[in-house]
K.L.:
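Attaching a single structure in structure tokens format; questions to follow.
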Amino acid sequence: MSTAPTTRRFSGLSARARWVVGAIAAVTVLVALVVLARWAWGLAGVQDFVARYPGVATGATRTGTPAWVDILHFFNLFLMALMIKSGLMIHRTRRPAAHWTRRGRALLARSRTRPATITLEQWFHVSLDLTWLVVGATFVVLLFTSGRWVRLVPTSWDVVPNALSVVLQYLSLHWPQESTWVAYNALQMLTYFVTVFVLAPISAATGLRLSELWPKQAAINRYYPIERARAVHFPTMWLFAAFIVVHVAMVMATGAVANLNHMFGARPGDSLVGVLVFTASAVVVAGAWLAARPVLLRPLAALTGKVTR
Ligand code: HEM
Ligand code: HEM
């Protein structure tokens, strides 16, 4: 007896059901942790711990957020949104909307074979990626030359107890007494550090391995097969997505107006500048997300190569 169609229908349902069950489980765990943390807050030992490690790691202070941070943060967020969209397009597309063949010789691939042809979706993704690498490299260079790196890179082991203390403060619903204009708390420091210096390089290294830019004959390919890169590249997107959801939720829950002034208005305080610039930025990103369709991508791709259906 064949049960294939029914199984397919149920597996479609169960995928959604799995999301619902996952969300309910996550909320339940979060509520349980809040109850536990509020109970622990009353203990003398916990009070001593929080007093000893209020939340900012040693050496993390550097006042102010200059305009270059805001501008690069915006470009990063713009490109990241489209990279997720184009990555999902690659993941889901069974029939590519077109193919793109580069003109002239390859820049990096030292092959004398015919020019590589990629799908329109891959062209879109890789074009964004290369721009993102330039934005990221500029950010890292300015971070270190300006001295701002002390906000993101831990230099003292007390970042660990301080981050734990911040987790306790958030979970027990006692928002840490802090000013992120002066320094990030240890939890922010660790998550920004991992995003910039671990997650981004992993997605770049695995993405480049998947791309036509990677030399096909490189000796390292024996130890770094394309399948390994693919197995890591896709889950990395979920880690980025998880970071963004929690990051934006925390930005909004811990003093949205002041936070948006820092990162979208390069200023402290409670004026509405940051909110307005953020709203305009969100409209631009949403517009680009909606506009990124084959009908617009085809003529864009034709500027740099040959597009065939
Ligand atoms: C709607 C989207 C986003 C909003 C509203 C937002 C907002 C913010 C804000 C307000 C801060 C400063 C936090 C503070 O002063 O306490 C910040 C910092 C930061 N965000 Fe975002 N963010 C967004 C998307 C992203 C994305 C997509 C990434 C990377 C994948 C990212 C990475 C970072 C990093 C690394 C910092 C620290 C930068 C530094 O100070 O040098 N953000 N963000
Ligand atoms: C320098 C950075 C990156 C490069 C060079 C790159 C390159 C690539 C390439 C060449 C592919 C096509 C793989 C194939 O056709 O099998 C791909 C797929 C993909 N990329 Fe990236 N990528 C980068 C960063 C990112 C980022 C930051 C994200 C999301 C946050 C992302 C999400 C995806 C997704 C979802 C796929 C589809 C994977 C699959 O179907 O298994 N990529 N990437």
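Read the numbers this way: they start at 1 and go in the same order the structure lists the ligands and their atoms. What you see is a predicted model; the values in this text were computed from it and never measured.
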K.L.:
Could you tell me which atoms of ligand 1, counted from 1 in the order shown, lie closer than 4.0 angstrom to a heavy atom of V248?
P.N.:
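Per the distance check, 1 (C), 2 (C), 3 (C).
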
K.L.:
Where does W181 meet ligand 1, judged by heavy-atom distances below 4.0 Å: at the side chain, the backbone, both, or neither?
P.N.:
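W181 to ligand 1: no contact under 4.0 Å from either part.
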
K.L.:
Give the single entry among R148, R62, M263 that approaches atom 9 (C) of ligand 1 most closely by any heavy atom.
P.N.:
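Closest candidate by heavy-atom distance is M263.
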
K.L.:
For ligand 2, is there an N or O atom under 3.5 Å from any N or O atom of W132?
P.N.:
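So ligand 2 has no N or O lying under 3.5 Å from an N or O of W132.
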
K.L.:
Return the option from W68, F78, Y192, Y184 holding the heavy atom at the smallest distance from atom 40 (O) of ligand 1.
P.N.:
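The option holding the nearest heavy atom is Y184.
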
K.L.:
Specify side chain, backbone, both or neither for H233, according to which of its non-hydrogen atoms lie closer than 4.0 Å to ligand 2.
P.N.:
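Looking at H233 and ligand 2, just side chain atoms fall under 4.0 Å.
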
K.L.:
Starting from atom 5 (C) of ligand 1, which protein heavy atom do you reach first, and at what distance in Å?
P.N.:
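Residue, atom and distance for the closest contact: F278 CE1, 3.5 Å.
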
K.L.:
Which part of L133 is near ligand 2, with near meaning a heavy atom under 4.0 Å away: side chain, backbone, both or neither?
P.N.:
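Under 4.0 Å from ligand 2, L133 contributes side-chain atoms alone.
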
K.L.:
Where on N76 is there a heavy atom closer than 4.0 Å to ligand 1, on the side chain, on the backbone, on both, or on neither?
P.N.:
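Side chain only; the backbone of N76 stays clear of ligand 1.
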
K.L.:
Going by heavy atoms, is R151 under 4.0 Å from ligand 1?
P.N.:
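Flag not set, R151 not near ligand 1.
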
K.L.:
Tell me: protein heavy atom nearest atom 16 (O) of ligand 1, and distance?
P.N.:
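Looking at atom 16 (O) of ligand 1, the protein heavy atom closest to it is T180 OG1, 2.9 Å.
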
K.L.:
When you measure from atom 10 (C) of ligand 1 to every protein heavy atom, which one gives the shortest distance, and what is it?
P.N.:
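The closest one turns out to be N259 O, 3.2 Å.
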
K.L.:
When only distance counts, is H125 in polar contact with ligand 2, meaning an N/O pair under 3.5 Å?
P.N.:
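Yes; the residue has a nitrogen or oxygen that sits under 3.5 Å from a nitrogen or oxygen of the ligand.
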
K.L.:
Does V196 approach ligand 1 within less than 4.0 angstrom via side chain, backbone, both or neither, non-hydrogen atoms only?
P.N.:
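The side chain, only.
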
K.L.:
Using distance alone, decide if ligand 2 has a nitrogen or oxygen within less than 3.5 Å of any nitrogen or oxygen in R230.
P.N.:
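Right, the criterion is met.
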
K.L.:
Which option wins on minimum heavy-atom distance to atom 7 (C) of ligand 1: M250, H73, M80, M252?
P.N.:
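It is H73 whose heavy atom sits nearest to atom 7 (C) of ligand 1.
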
K.L.:
Would you kindly specify which portion of Q188 sits under 4.0 Å from ligand 1, judged on non-hydrogen atoms: side chain, backbone, both or neither?
P.N.:
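Only the side chain of Q188 comes within reach of ligand 1.
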
K.L.:
Verify whether the ring centers belonging to H247 and Y192 lie closer than 6.0 Å.
P.N.:
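Distance test on ring centres: under 6.0 Å, yes.
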
K.L.:
Can you name the atoms of ligand 1, numbered from 1 with element, that are less than 4.0 Å from a heavy atom of F243?
P.N.:
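Listed by number with element, the hits are 28 (C), 29 (C), 30 (C), 31 (C), 32 (C).
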
K.L.:
Within ligand 1, which atoms have a heavy atom of I244 less than 4.0 Å away?
P.N.:
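Contacts of ligand 1 toward I244, numbered from 1: 27 (C).
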
K.L.:
How far is atom 27 (C) of ligand 2 from the closest protein heavy atom, and which atom is that?
P.N.:
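It is M83 CE, 3.4 Å.
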
K.L.:
Output the list of atoms in ligand 1 that are nearer than 4.0 Å to some heavy atom of V251, sorted by atom number.
P.N.:
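Counting atoms of ligand 1 from 1, those under 4.0 Å from V251 are 7 (C), 8 (C), 9 (C), 10 (C).
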
K.L.:
Mark up the atoms of ligand 1 that fall under 4.0 Å of a heavy atom belonging to F139, in ascending order.
P.N.:
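The atoms of ligand 1 under 4.0 Å from a heavy atom of F139 are 41 (O).
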
K.L.:
Should one rank M189, H262, H247 by closest heavy-atom distance to atom 20 (N) of ligand 1, which comes out on top?
P.N.:
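Residue with the shortest heavy-atom distance to the ligand atom: H247.
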
